[in-house]
Amino acid sequence: MSEPQLIQSPSASPTVVPLTEPPSQGNGGTVVLPVQSALALQNSPKTTQVGLASSKIKAVASPFAMEKPLLVKAVVTVKPNTGGLFSNIGISEGLDKITDLVGKTLLLELVSSELDPKTGQEKGTIKEYARKTGQNKEEVTYECEFKVGEEFGAVGAVSVENEHHEEMHLKDIVLDGFTGGPLNIACNSWVHSKFDNPQKRVFFTNKCYLPTETPSGLRRLREEELAILRGNGQGERKSYERIYDYDVYNDLGNPDSSADKKRPVLGGEQLPYPRRCRTGRPRSETDSQSESRSGTIYVPRDEQFSTIKQLTFSAKTLYSVLHALVPSLETAIVDADLGFPFFTAIDELFNEGVNLPALQKQGFLKDLFPRLVKTVTDAFKSVLRFETPETMNRNRFFWFSDAEFSRQTLAGINPYAIQLVTEWPLRSQLDPKIYGPPESVITTDSIERQIKGFMTIEEAIKQKKLFMLDYHDLFLPYVNKVRQLKGTTLYGSRTLFLLTPDETLKLLAIELTRPPTDDGKPQWKQVFTPSCHSTGMWLWRLAKAHVLAHDSGYHQLVSHWLRTHCATEPYIIATNRQLSVMHPIYKLLHPHFRYTMEINALARGFLVNGDGIIESTFSPGKYSMELCAVAYDKLWQFDSQALPNDLISRGLAVEDPTAPHGLKLAIEDYPFANDGLLLWDAIKEWVTDYVNHYYPDPSCIASDKELQSWWTEIRTVGHGDKKDSPGWPDLKTPSDLIFIITTMVWVASGHHAAVNFGQYTYGGYFPNRPTIARTKMPVEDPTEEELKIFWNKPEVTLLTCFPSQIQATKVMAVLDVLSNHSPDEEYLGQDPEPAWKEEPVINAAFERFHGRLKELDGIIDARNNDQRFKNRNGAGIVPYELLRPFSEPGVTGKGVPYSISI
Ligand SMILES: [Fe+2]
């Protein structure tokens, strides 16, 4: 029997970057000996104490002088590939991959966490080949045994070389045989084939270390690992790479396919924008500013969850909807401009459904979207039949009422837009030379007529009773451009509400504005109010449709995409580039960043791209993302992403040390704010416990080099276009760090859940939230024909203004998938990360966090059952559950996942 190899320490050099050699060391010129027989290993003595009790280990002069080495068994668990998101989504691929693993091995090397006390250099690694010992559908296991001498010290990392031609997804490595118990190393990572890249992978143990506390034997590896993740910013990224780097949004258009598909670059001085992940694809042939598009979009390998999650994984389902269902809808509904002829035709989407042409892999799609695709009569025919949204189930006419319109600004899917009116009369800040007179035509008289009996307008402003949806100055500069596009229109709008004594909002007036046109027409604006007369009632309904389209656009482009998905991507990139996986803050943030880069790449490819779902179904059309960049420039700042600051900035709360959460709400029954602040506080307490544990000395924050580089990079690179804007807190104290982390966690969890998982409930019946208003108001420069239709059949005017059939059904299918929780959804506070579990103080803090979330679940339930809260309880009203932490799978309108996963 041969002895397992212990390798003499080489003269380990200090950090050298970039790497051209594998990160592990100590193998120069060494022959690796054959693997021992299991029987021989079982007979080995197991008496020596090593590993975890490193402080008790006596250093010896030579590794070969050791006595009674400890026998340590390594078990590596590998998860089979289930198919790539952008490749073929097939269920058999995973099994094929398993067969490839037969006969191949993994080369493991144990890395000591200590330096050689004699030489001051890194100790040699201990190598063994792990061979496959078992497999089932879920997992494949590889095993080997090491002999670890006492002088080796604690194992700090394992380096892995994959001898297969295929990459492998390592779930974990368990080293068993140490007297302190098994050592678990959570990997959850792809290991490339050595034939693709000879660089070995390093997996550190689960223990967290601040940079200065890094065990001496691991310092070089810690820095080198970060250098690998940063890459050198050159070349096109390959699918197996793990490089996190930045780029501007210059891949949304496709100028090579047609000049009309060129889109401006988002990011830079002209159109400030957060950065996205760099892919390094070649520039477009016809536009040197644009990156060329391709069928696959690089994201770092460990961000591609679609290859390891089940078929029900949200990103996979969305991909399938976009690639199979939407095209077949386009085939089924030939006339893209065709609207719904009657309201009953809209209802048919929930009853009869839309006949779909024969679909490829039809059975597969039916399995994938049982909610959407149903079989009829024979196996070859399918219909797309939508589930009735919960809003309609409870009240068939819910969308019709002003009360429900107002309630949804506080308890719907866009509770981020309502703001307090602080000045009167309302005025635009835009240049009057371009956009016309800035004064609003909502007069004191017109409002006081509406609020007669409550108070004067002056009292309403003073008592903070007047609220507004303000889509005036943001949209007005785009009105003329958008109106040149076919099949859409736009206004700037203001919508006013009065807060009544029962804490509900009364809808008062809508002002729609069109700026002067290029062909010489002057500014047009008009105020619409609720009316008891038929003409006024129909105009009011049409004005509401326009505002709802504005709110849908703002919701999707700003509250949802920009403020959660898009703003978070630079945090993820910086975290991977600047914080080692050993860093406690990396470990704290990691579950909140899972799945986001992959879903964002999917969105860049098919949702927010030129001619994608957003452009083809929302009012601003091809200007949608440009508007999103304008909103980032004018409205976004980091500190306002914190819920308390967001509420204060909109005038919905003021600081009050005597009030719960330190805030007094302007609208006491504001379901989103009330539930959100409880969730915010729960997150903040957990983050506080965590930060205080790892930074017992406050000065360590300022001296933590990784942490400081991380925050600098977020401010000056990832969000660098806004680096000189206000709102960036310092990072000098634990409370700074707690604020920053709590804000990021809130955005990825509570904020995203609040604007995401109710989308089908509120947008599934589109008259409640049309994404587009296709035609202007019939009273704006009307033609005779327009007026005739309006007078004779106003319902036709409204239906023509609403989305077309293809627009409506596409959006409904996408919203249905976006609102869905997959069966393996990971809810906030449900399962701790492996590293959290291993640290008793953190584990206890996590248990408290979990307990508070369970409590919150109960509180929200009780609030929804309390009839005093009229904005969440009442006849036919859908209760406000979007911030209930836990949920069952499906479209449930509740549940707060850890991260932005859909
Ligand atoms: Fe989302």
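Numbers here are sequence positions counted from 1. Both counts, for ligands and for their atoms, begin at 1 and track the order of listing. Heavy-atom basis, side chains included; hydrogens, waters and symmetry copies ignored.
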Visitor: Mind telling me whether Y571 and F593 have parallel, tilted or perpendicular rings, with 30° and 60° as the class edges?
Guide: tilted
Visitor: Could I get the full list of salt bridge (Lys or Arg N to Asp or Glu O under 4.0 Å) partners for K894, not counting sequence neighbours?
Guide: E888
Visitor: Evaluate the ring planes of Y586 and H590, with Trp represented by its six-membered ring, and classify them as parallel (under 30°), tilted (30 to 60°) or perpendicular (over 60°).
Guide: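 Rings of Y586 and H590: parallel, under 30°.
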Visitor: Who pairs with S493 by side-chain contact (heavy atoms from CB on, under 4.5 Å), at least two apart in sequence or on another chain?
Guide: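 Partners of S493 by the side-chain contact (heavy atoms from CB on, under 4.5 Å) criterion, ordered by chain and then number, come out as Y471, L512, V547, H550.
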Visitor: For a quick test of reading the model, state the closest non-hydrogen atom pair linking R884 to D861 and the distance between them.
Guide: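 Where R884 meets D861 most closely, the heavy atoms are NH1-OD1, 3.3 Å.
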Visitor: For V811, which residues count as a side-chain contact (heavy atoms from CB on, under 4.5 Å) partner, sequence neighbours excluded?
Guide: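 V811 satisfies side-chain contact (heavy atoms from CB on, under 4.5 Å) with T617, T771, L815 only.
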Visitor: Among the protein atoms near the Fe ion (ligand 1), how many are N, O or S and lie under 2.8 Å away?
Guide: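 Excluding waters, the total comes to 5.
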